[in-house]
Amino acid sequence: MTETFEYVKEITKMSVDFDRWYTDVVRKAEMADYSGVRGCMVIRPYGYAMWEAIQRAFDDMIKSSGHENWYFPLLIPEELLMKEAEHIEGFTPEVAWVTEAGRSGKLDQRLAIRPTSETIIGSIVRRYIQSHRDLPQLTNQWCNVLRWEMRTRLFLRTAEFLWQEGHTFHAFEAEAKEEVDRILEYYREVAEDWLAMPVLVGVKSRSETFAGAVYSKSIEAMMRDGLALQAGTSHFLGQNFSTAYEISFTNRDNQREFCWTTSWGMSTRMVGGLIMAHGDDRGLIVPPRIAPTQVVVVPIFRTDEERARVEAFIETWEKAVRAECRLKVDWSDNRPGEKFNNWELKGVPLRLAVGPRDVEAREVQLADRLTGEKRQVPCAGLFEILPHELKKFQNALYQRALDFRAENTFEVATLQQLLDHFKERNGFVWAPWCGSEECEARVKDESGGVSIRNYDPDEKPSGVCLVCGRPAEHRVAFARAY
RNA sequence: CGGGCGGUGGCUUAGCCCGGCAAAGCGCCUGCUUUGGGAGCAGGAGAUCGCGAGUUCGAAUCUCGCCCGCCCGACCA
């Protein structure tokens, strides 16, 4: 891996310009592209396949806990959107409106293109809730949403993006809060166990809370430039929406009560996260559990006769391996070296090179995308070796990300120390905080954008606030964020 | 949404200042030769110069408007 520079063409090196590296990788690895409409991207098959893998993982989790998928309308009447004051105040700046349509022209009431669906889902699901026996309602939908973003970036912040939004309705406050935590745990699992991307799990500060929520929780991952990425959020909405939208039920004592509701979302941004959490100067490194292709085979031959021998040899173990992992044999006309570079750019975890020498020895050359190591392995055990290697790869990738985060995590006691730190480098910086929005805002102002990512609400620190010196309420993680 | 920069075959760019036949490398197609880390030779195709107006005998080049992208700020998953 020392000859990195030589191998890679057309990708800006990470160390030279991380943002350009990211855009280069997304486009050269054929994950996504621009569309010509500002903020709207084309997700290409290789990128979409990763999103599908993420979808499958999370969908299985929520189905196992009783959630059901619905589909709700894209267009939301203005009147409906306007009912929850804080919510609409938070979202208005980025809502796009349909104001005319068809032959009839201008609409009597303009329609919002959903930026999120609390309002319409609440107004519809309320119909199906009369008694405490109808609760909880555990709804989810996979859909697209639109938010008129000022500054966009493929996967990380696009105007239109794909996500799931879960919306649940409960009879009891405690139950709704448990739901928020259950989903947050699912997000952690998706991030850590599937994407090999370690995350901080915690509560958002007031200023970063979802518009209309009582509190929000998030998972926050560290990218390889040391910036934080909020990769999933779960909100406790209290009775804010149920009172605004009159979502109520009759309890056991025959009294009318408002529901306790939650909402939670995870988007195609997750795909951007996996790119930035694992990539290197040669391109992507895709976690095996998400990888559309886990093992790529590059056949090597000179003559037609050699080609036939190599092909016959591959066929002797191909089927058994396919039953265990996602395998692709690259029979394209390119030369081997070109294939090596191409599949490394695409981040395929394992590569098998198979040439006449290997046929003779009944073995293959196994190369590891993460370490760059190559070694010969016998073909006989491939169907066992490869799944094992993929598991090892998944763990090693996670461990590497964990180590990277540890190397880039710091602790400070004062605002000055924090400012000094961020003048030099990025990363996560833990510090005690009194809980006031003033102190939080001051850090943000003086540092030029460093914000509180989240914190563990149960941890009680002993020190004093890094800004004001009053007793600290929480130990919080500061970072620059995407 | 403000400030700065950019858009020329599929990709990366030169040409623009100083208006006069649209160029190079890579990629692509055909053939031969090659194949264990992006090969070589020969031939070939491919461009409304982001879009629209204006100035001019003549615009990739000058002027204005718009669109898209990048960077810096403010705003946000």
Side-chain angles (χ1 to χ4, degrees), chain A residues 1 3-4 6-12 17-20 22-24 27-28 30 33-41 90-95 115-116 145-165 187 204 207-211 216 218-221 228-235 263-273 282 298-304 306-307 310 330-345 351-360 364-365 367 372 374 376 444-445 448-449 451 453 481-482:
Chain A
M1 298 290 276
E3 304 288 321
T4 292
E6 249 179 57
Y7 285 136
V8 181
K9 291 180 182 171
E10 300 162 350
I11 301 181
T12 306
D17 185 337
F18 191 86
D19 295 344
R20 274 189 63 187
Y22 176 80
T23 306
D24 286 349
R27 299 186 71 192
K28 304 290 181 191
E30 302 182 337
D33 209 344
Y34 300 109
S35 66
V37 179
R38 188 190 163 76
C40 297
M41 68 171 164
F91 276 101
T92 297
E94 29 187 90
V95 171
T116 179
V145 288
L146 190 72
R147 298 181 187 176
W148 213 251
E149 293 292 344
M150 295 299 118
R151 236 180 122 176
T152 63
R153 217 122 111 54
L154 297 171
F155 287 116
L156 295 178
R157 171 165 294 107
T158 46
E160 181 189 11
F161 59 90
L162 305 182
W163 76 344
Q164 57 65 220
E165 47 178 324
Y187 288 153
K204 302 299 281 187
S207 72
E208 303 260 338
T209 297
F210 178 74
S216 294
S218 73
I219 56 169
E220 307 274 339
L229 183 78
Q230 178 172 301
T233 48
S234 187
H235 314 291
S263 70
W264 24 275
M266 174 189 76
S267 73
T268 36
R269 169 181 263 200
M270 204 61 116
V271 178
R282 293 160 86 166
V298 177
I300 293 156
F301 51 87
R302 276 170 240 267
T303 61
D304 284 350
E306 277 186 353
R307 183 192 154 117
V310 168
D330 184 355
W331 284 111
S332 69
D333 283 339
N334 297 330
R335 297 163 65 80
E338 200 170 344
K339 293 179 188 179
F340 292 171
N341 285 300
N342 181 44
W343 292 112
E344 280 167 14
L345 165 59
R351 179 185 74 226
L352 304 180
V354 185
R357 292 204 300 261
D358 307 301
V359 175
E360 211 54 47
V364 299
Q365 183 195 61
K374 300 172 190 175
Q376 294 296 122
K444 197 164 185 174
D445 289 346
S451 58
R453 299 325 304 157
Y482 275 98

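Chain identifiers are assigned alphabetically (A, B, ...) following the order of the sequence lines, protein sequences preceding nucleic acid strands; residue numbering begins at 1 within each chain. Just so you know, these numbers come straight off a predicted model, no measurement behind them.
- Checking A:Met150 against A:Val354, the closest nucleotide of RNA chain B that is more toward the 5' end is the one next to A:Met150.
- The partner of B:U61, taking Watson-Crick or G-U wobble pairs whose two distances both stay under 3.5 Å, does not exist in any strand shown.
- Judged by atom type and distance alone, A:Arg147 does not reach the base of B:C76 through any side-chain donor-acceptor pair under 3.5 Å.
- Taking atom CZ of residue A:Arg27 and atom P of nucleotide B:G10, one finds them 13 Å apart after rounding to whole Å.
- Note on A:Gly39: only backbone sugar-phosphate atoms sit closer than 4.0 angstrom, heavy atoms only; bases stay farther off.
- Contacts of A:Phe161 with the nucleic acid, taken as non-hydrogen atoms under 4.0 Å apart, include base atoms.
- The nearest whole Å value for the distance from the CE atom in A:Met41 to the P atom in B:G69 is 13 Å.
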Tabulate protein N/O versus nucleotide N/O from nucleotides 3-6 of chain B, keeping only pairs under 3.5 Å, one per line.
none

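- Side-chain proximity of A:Glu338 to the nucleotides B:G37, B:G69, B:A39 is greatest for B:A39.
- Summarising the geometry, the separation between CZ on A:Arg335 and P on B:G37 is reported as 9 Å, rounded to the nearest angstrom.
- At the heavy-atom level, A:Thr158 lies under 4.0 Å from base atoms of the strands shown.
- Side chain A:Arg351 to base B:G37: a donor-acceptor pair is found below 3.5 Å.
- Between the CG atom of A:Asp333 and the P atom of B:G27 there is a distance of 14 Å, rounded to whole Å.
- Rounded to whole Å, the distance from CG on A:Asp17 to C1' on B:C72 is 13 Å.
- Using a 4.0 Å heavy-atom distance criterion, A:Glu306 is classed as making no nucleic acid contact.
- Within 4.0 Å (heavy atoms only), A:Leu156 reaches at least one base atom of the nucleic acid.
- The nearest whole Å value for the distance from the NZ atom in A:Lys204 to the P atom in B:A77 is 8 Å.
- For A:Tyr482 and B:C76, the shortest distance from a side-chain N or O to OP1 or OP2 is not below 4.0 Å.
- Looking at heavy-atom distances under 4.0 Å, A:Arg307 makes no contact with the nucleic acid at all.
- With rounding to whole Å, A:Leu229 atom CG is found 13 Å from B:C76 atom C1'.
- Nucleic acid contact class of A:Phe301 (heavy atoms, under 4.0 Å, all strands): base.
- Residue A:Lys374 places a side-chain atom within donor-acceptor reach of the base of B:G37, judged by atom type and a 3.5 Å distance cut-off alone.
- At the heavy-atom level, A:Arg151 lies under 4.0 Å from base atoms of the strands shown.
- Salt bridge status for A:Glu208 with A:Arg453: present, with a side-chain N to carboxylate O gap under 4.0 Å.
- Nucleic acid contact for A:Arg38: sugar-phosphate only, since backbone atoms but no base atoms lie under 4.0 Å from a heavy atom of the residue.
- Of all heavy-atom pairs spanning A:Gly272 and A:Tyr22, the tightest one is CA-OH, 3.4 Å.
- A:Gly36 comes within contact range of the sugar-phosphate backbone alone, with a heavy-atom separation under 4.0 Å but no base atom that close.
- Both the sub-6.0 Å distance and the 45° axial angle are not jointly satisfied by A:Arg269 relative to the ring of A:Phe161.
- Within the 4.0 angstrom heavy-atom criterion, base atoms lie near A:Asp358.
- Residue-level contact check: A:Pro336 touches the bases, meaning some heavy atom is under 4.0 Å from a base atom.
- Under the Watson-Crick or G-U wobble criterion, with both distances below 3.5 Å, B:G43 is paired with B:C29.
- At whole-Å resolution of the value, CZ in A:Arg157 and P in B:G69 are 15 Å apart.
- Counting non-hydrogen atoms under 4.0 angstrom, A:Glu149 reaches a base of the nucleic acid.
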